[in-house]
Every structure is written in C-alpha cells, then in structure tokens.
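Hydrogens, waters and symmetry mates play no part in the numbers below; they use all other heavy atoms, side chains included. Just so you know, ligand 1 is whichever comes first in the structure, and atom 1 is the first atom listed for that ligand.
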Amino acid sequence: MNRSSPSAPPPALSPPPGCPAHSLSPSPDSVDSLGSLDSLDTDLLPLSAATSAYQPREVYRQLRERYGNVARVELEPGVPAWLVMGYRELLTITRQEQVFSRDARNWRDLNEGVVPPHSGLLPMMAWRANVIGADGPEHRRLRQPLDDGVARIDQRKARLQVEALCAELIEEFSQRGRADLVNDYATIVPMLSIASLFGLDSAEGQELLRALIALFGSADDSQDGNRHFEEILSDTLRTRQETPTDDLTTAFINHPNLESDAERLQSMVVMISAGNETVTAWISHTLRLMLTDPRFAARMHGGRLGVDDALDEALWRDPPMNNMPARYALRDTELGGRHIRRGDVLILGIAAANDDPAIRPDDTAGEPGNRAHLAFSAGPHVCPAQVPARLITRTAVNTAFHLLPDMRLAIPTSQLAWRPSPWTRVPVSLPVEFSASGALAPGPR
Ligand code: HEM
C-alpha cells in the first residue's frame with residue numbers, strides 16, 4: 001500500500017546513507033507483546049535519528065513493523081522510553097491523566113539516576129512548577145488563565161502587528177535577492193509576534209529571542225540566558241502592574257487563579273517558550289512545501305487548497321512537535337500490547353500517530369477540512385494557543401508569498417537538512433532566491 005500523501009514526493013524510500021533506518025530491519029517475530037521498557041534491547045533507535053531522518057515517516061513505519069504501536073526507543077544513550085505511535089494509544093495517554101501523569105517527578109529513571117543530572121533532556125523534561133508539569137485540579141487552575149487570555153486576543157490587531165513585523169523583516173533582506181527563510185524569517189517571526197501579544201516591542205522581542213537561544217544553547221551561557229529571559233519578562237510584569245493595557249501580561253495580572261508574581265511570570269515563560277520553536281517549525285514546513293512540492297503550491301495558488309487547509313496539511317505531514325515529552329505511568333498497565341511499568345516514560349509520537357494506518361488507510365492528509373491530526377495533542381494539556389499559532393503562521397506565509405512572489409529554493413531539495421532534536425523537526429536552513437525587484441510594498445490583502 002502506498003501510504004504517502006497524495007501531494008508528497010514519490011515514495012521513498014530508501015533512507016540516505018548513514019540513516020539509522022537501515023538498521024531497523026523489519027522483524028515482526030521479535031515483537032515481544034509484553035516486553036518491558038528495561039528489556040535488554042541492544043539496538044534501540046535514538047529518537048533524534050527519527051526526527052532528523054530524510055524520511056521520518058519511513059523510520060516510524062519500520063519501527064511500527066518491528067514493535068507495533070508502542071515502540072521502545074532511546075532518548076539519549078542508556079535512557080529508554082516508550083514511543084506511542086498509535087493514534088488511539090496516543091489519545092489514551094493524553095486523556096487518562098489518572099494513569100498517565102504529566103509530572104516528571106514520577107519518572108523512575110530520573111529518580112534512580114539513570115538520567116544524569118546534566119542530561120540535555122532536562123531543559124525539556126525536568127519538572128517545573130507550571131501548567132505543563134501539573135495534573136488534575138492544579139493543572140486546571142493554572143490552565144484557565146491561559147485559555148481566558150488567548151480568548152481575549154484581538155485577532156485583527158494581532159494580525160496587523162504580525163503582518164507589519166513580517167514586512168519589516170522581509171524589507172531587511174529583499175534587496176539582496178536571496179535569503180534563508182528559516183534563519184532570517186521563520187526563527188524570528190514567532191518570538192516577535194508572541195512577545196507583542198504580551199506587550200513587548202520588537203527590540204525587547206529580539207532580546208528575548210537571544211536569551212532563549214542562549215538558554216537552549218551551550219551549557220556555558222545557558223544560566224545567563226535563563227536569568228536574562230526572566231528579567232525581561234519580570235520588567236514587563238512590573239510595567240504592566242503600573243500601566244495596565246489590553247495585552248496578555250495584563251490579563252495574567254488580573255486573573256484570580258494566579259496567586260503570585262512567580263505564577264504570573266511562569267505563565268508568561270511557558271507561553272513564550274512553548275510557542276517559539278513550534279511556530280518556527282510550522283512556518284518553515286509550510287514554506288518548504290510551497291517551494292518543493294509543485295502539487296501543494298499549485299493547489300494553494302490555484303485556490304483549490306485554502307491557506308488554512310494547506311496549514312493543516314503541513315501539520316498532518318510534518319507536525320512541529322514530531323515527538324512530545326512526556327507522560328509518566330502512575331501504575332502498572334498495558335498499552336498497545338506492551339506492559340507499562342509504574343514510572344516508565346512515554347513519549348507522544350505525534351508524527352507517527354498522524355500516519356497510523358488504522359486511521360489513514362488511504363492517506364487522506366490532504367483532504368480539505370480534515371483537522372483530526374494530533375499536532376496540538378489532545379486531552380487536558382492540548383495546546384491552548386492554536387488560534388494565535390495559526391494566525392501567526394498564516395500571516396507569515398501569506399506575507400512572504402505576497403512580497404516575494406517569484407521566490408524559489410536556491411538548493412536542491414535533497415540538500416535540505418534538519419536541526420538535530422528528538423522533539424522538533426525544523427530545517428537547518430531554507431535558502432531562497434528571488435528578483436530583488438520582486439519584493440513588493442505591503443498592501444491590503
Ligand atoms: C505550531 C504551533 C504549535 C504547536 C504544533 C503546538 C503543540 C503543542 C502540543 C503538542 C502541546 C501539548 C503537550 C501535551 O499534550 O503534553 C502544547 C501545549 C502547550 N502549548 Fe502549544 N503548540 C504550538 C504553538 C503554541 C503557541 C504559539 C503557544 C503560546 C503562545 C503555545 C503554548 C502552549 C502551552 C502553554 C502548552 C501547555 C498547555 C498545558 O500543559 O496545559 N503553543 N502545544
């Protein structure tokens with residue numbers, strides 16, 4: 001069965017040389033229906049190898065053939081995890097928080113020292129006192145201000161702000177006749193846009209972006225990055241306490257559920273850090289599809305695929321969080337034929353679940369209006385910011401194609417590579433060329 005999307009490049013699919021998918025020889029006989037996470041598998045797939053593979057769908061397909069819907073993988077050397085690749089199983093772990101907690105303090109391998117104290121996994125996975133690490137009533141208390149704040153966003157005003165900053169960024173490179181749409185555009189637009197929802201101006205947004213890059217960059221300046229990131233947001237909080245306005249910072253200050261400035265600050269931190277890389281990935285994928293997939297581009301330009309349907313097709317085919325950490329089993333249970341032990345870690349295999357043959361036997365990702373993908377997850381922790389994320393991505397894609405109508409990819413598609421990460425799938429770069437005169441002044445759309 002050909003399970004590639006109707007508008008996807010021809011089915012692949014031999015992985016490129018060096019791709020770990022080569023070592024995943026299908027061996028259905030090896031499926032150990034009740035194997036445990038700490039079974040002595042010697043050849044677990046490192047999760048980042050799937051995310052950065054040339055054809056991740058093929059890697060997940062082979063994993064599924066080998067293990068079924070719940071696969072054993074490695075997060076970093078010596079740290080195993082379950083990768084939940086079944087659509088139904090993913091709904092189960094996101095909806096049943098009594099069994100599958102979001103609180104990393106339940107992670108056995110972390111508590112027993114299997115995960116080293118300086119592990120690169122901890123910036124994403126360590127427990128923090130915020131909405132992401134909470135379950136049950138405590139989660140609902142911290143979550144409500146986010147939902148209420150997002151519902152109050154003035155979408156027209158936000159769109160005009162995002163449009164203006166996209167045009168400003170394009171103006172900076174439009175005379176060069178070439179640009180890298182990931183590093184000159186898709187990496188910058190989300191932070192400046194989200195910062196503006198909190199009332200920060202463009203210079204403060206750029207500063208936040210630099211601090212965030214330091215925070216997730218080298219170990220040396222990551223503490224400084226963290227401190228600076230929080231300082232900028234604390235200053236904003238103080239300013240808004242004196243001069244309230246209609247932004248998200250003010251909405252958090254006024255929300256009765258947030259009991260201290262520390263909680264308000266944490267709410268700002270999670271919104272800004274959760275939204276940045278994900279929107280970068282969504283903008284990059286959509287631009288990449290338009291530049292590399294003639295059917296996708298023709299359907300958009302020809303009006304047969306509305307922009308929102310195109311954005312959803314990108315979410316089906318390449319969800320920004322290919323894999324999302326995590327849930328922690330609160331008791332022994334069974335999932336997809338696997339014996340899950342209390343304290344095991346489960347990763348949301350969003351890209352694989354979107355491709356589950358049980359829900360997509362005929363590969364309907366491109367079907368207009370189909371939003372049943374799991375790019376935003378499900379259950380109580382489902383992404384609260386789907387509306388602003390879509391607004392920013394739609395505006396960024398529209399503005400780029402409106403202002404640079406003749407842009408084309410400057411390298412062969414086969415040379416595109418992905419940033420190494422077990423979680424997100426963002427191209428390292430997206431070099432494009434266009435005629436310098438092709439850059440139009442922004443106008444009404
Ligand atoms: C392409 C855009 C985005 C994608 C694909 C995305 C994806 C996700 C996913 C998969 C989760 C659920 C995690 C889970 O079930 O454990 C999530 C949660 C979250 N997202 Fe997004 N997100 C996006 C944009 C944003 C933006 C723009 C913001 C903020 C401005 C944001 C803020 C959050 C927050 C705060 C949570 C945690 C919610 C909770 O734990 O209750 N996201 N997102």
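- Each of the following atoms of ligand 1 lies closer than 4.0 Å to a heavy atom of Arg327: 14 (C), 15 (O), 16 (O).
- With respect to atom 41 (O) of ligand 1, the closest heavy atom belonging to the protein is His139 NE2, 2.7 Å.
- Atom CZ of Arg342 sits in a sparse spot, with 12 or fewer heavy atoms from other residues, nucleotides or ligands closer than 6.0 Å.
- Relative orientation of the Phe376 and Trp282 rings is perpendicular, given thresholds of 30° and 60° on the angle between their planes.
- The heavy-atom pair separating Gly68 from Met85 by the smallest distance is O-CE, 3.4 Å.
- A salt bridge does not link Asp148 to Arg152: none of the charged side-chain nitrogens sits closer than 4.0 Å to a carboxylate oxygen.
- Residue, atom and distance of the protein heavy atom nearest to atom 38 (C) of ligand 1 are Arg143 NH1, 3.4 Å.
- If you check which protein heavy atom lies closest to atom 13 (C) of ligand 1, you get Met324 CE, 3.5 Å.
- At a 3.5 angstrom cut-off on N or O pairs, Trp282 does not count as close to ligand 1.
- Among protein heavy atoms, the minimum distance from atom 10 (C) of ligand 1 is reached at Ala375 O, 3.4 Å.
- For Thr51 (side chain) and Ser421 (main-chain N/O), a donor-acceptor pair under 3.5 Å exists by modelled atom type.
- Close approach to Pro320 involves these atoms of ligand 1, each under 4.0 Å from a residue heavy atom: 1 (C), 5 (C).
- Ring planes of Tyr328 and Trp107: tilted class, angle from 30 to 60°.
- From the protein, the heavy atom lying nearest to atom 37 (C) of ligand 1 is Ile132 CG1, 3.8 Å.
- Nearest protein heavy-atom contact of atom 40 (O) of ligand 1 is His381 ND1, 2.6 Å.
- Any protein N/O/S atom under 2.8 Å from atom 21 (Fe) of ligand 1 was counted, giving 1 altogether.
- Side-chain atoms of Trp423 never come within 3.5 Å of backbone atoms of Pro325 as a donor-acceptor pair (strictly under, hydrogens ignored).
- Between the side chain of Thr236 and the main chain of Ile232, a donor-acceptor pair closer than 3.5 Å is present.
- Proximity of a side-chain donor or acceptor of Asn257 to a complementary backbone N or O of Arg141 within less than 3.5 Å is detected.
- Without hydrogens or angle criteria, Thr243 side chain to Arg240 main chain gives no donor-acceptor distance under 3.5 Å.
- Heavy atoms only, all atoms of each residue included: Asp356 and Gly86 are closest at OD2-CA, 3.4 Å.
- Residue, atom and distance of the protein heavy atom nearest to atom 30 (C) of ligand 1 are Met271 O, 3.5 Å.
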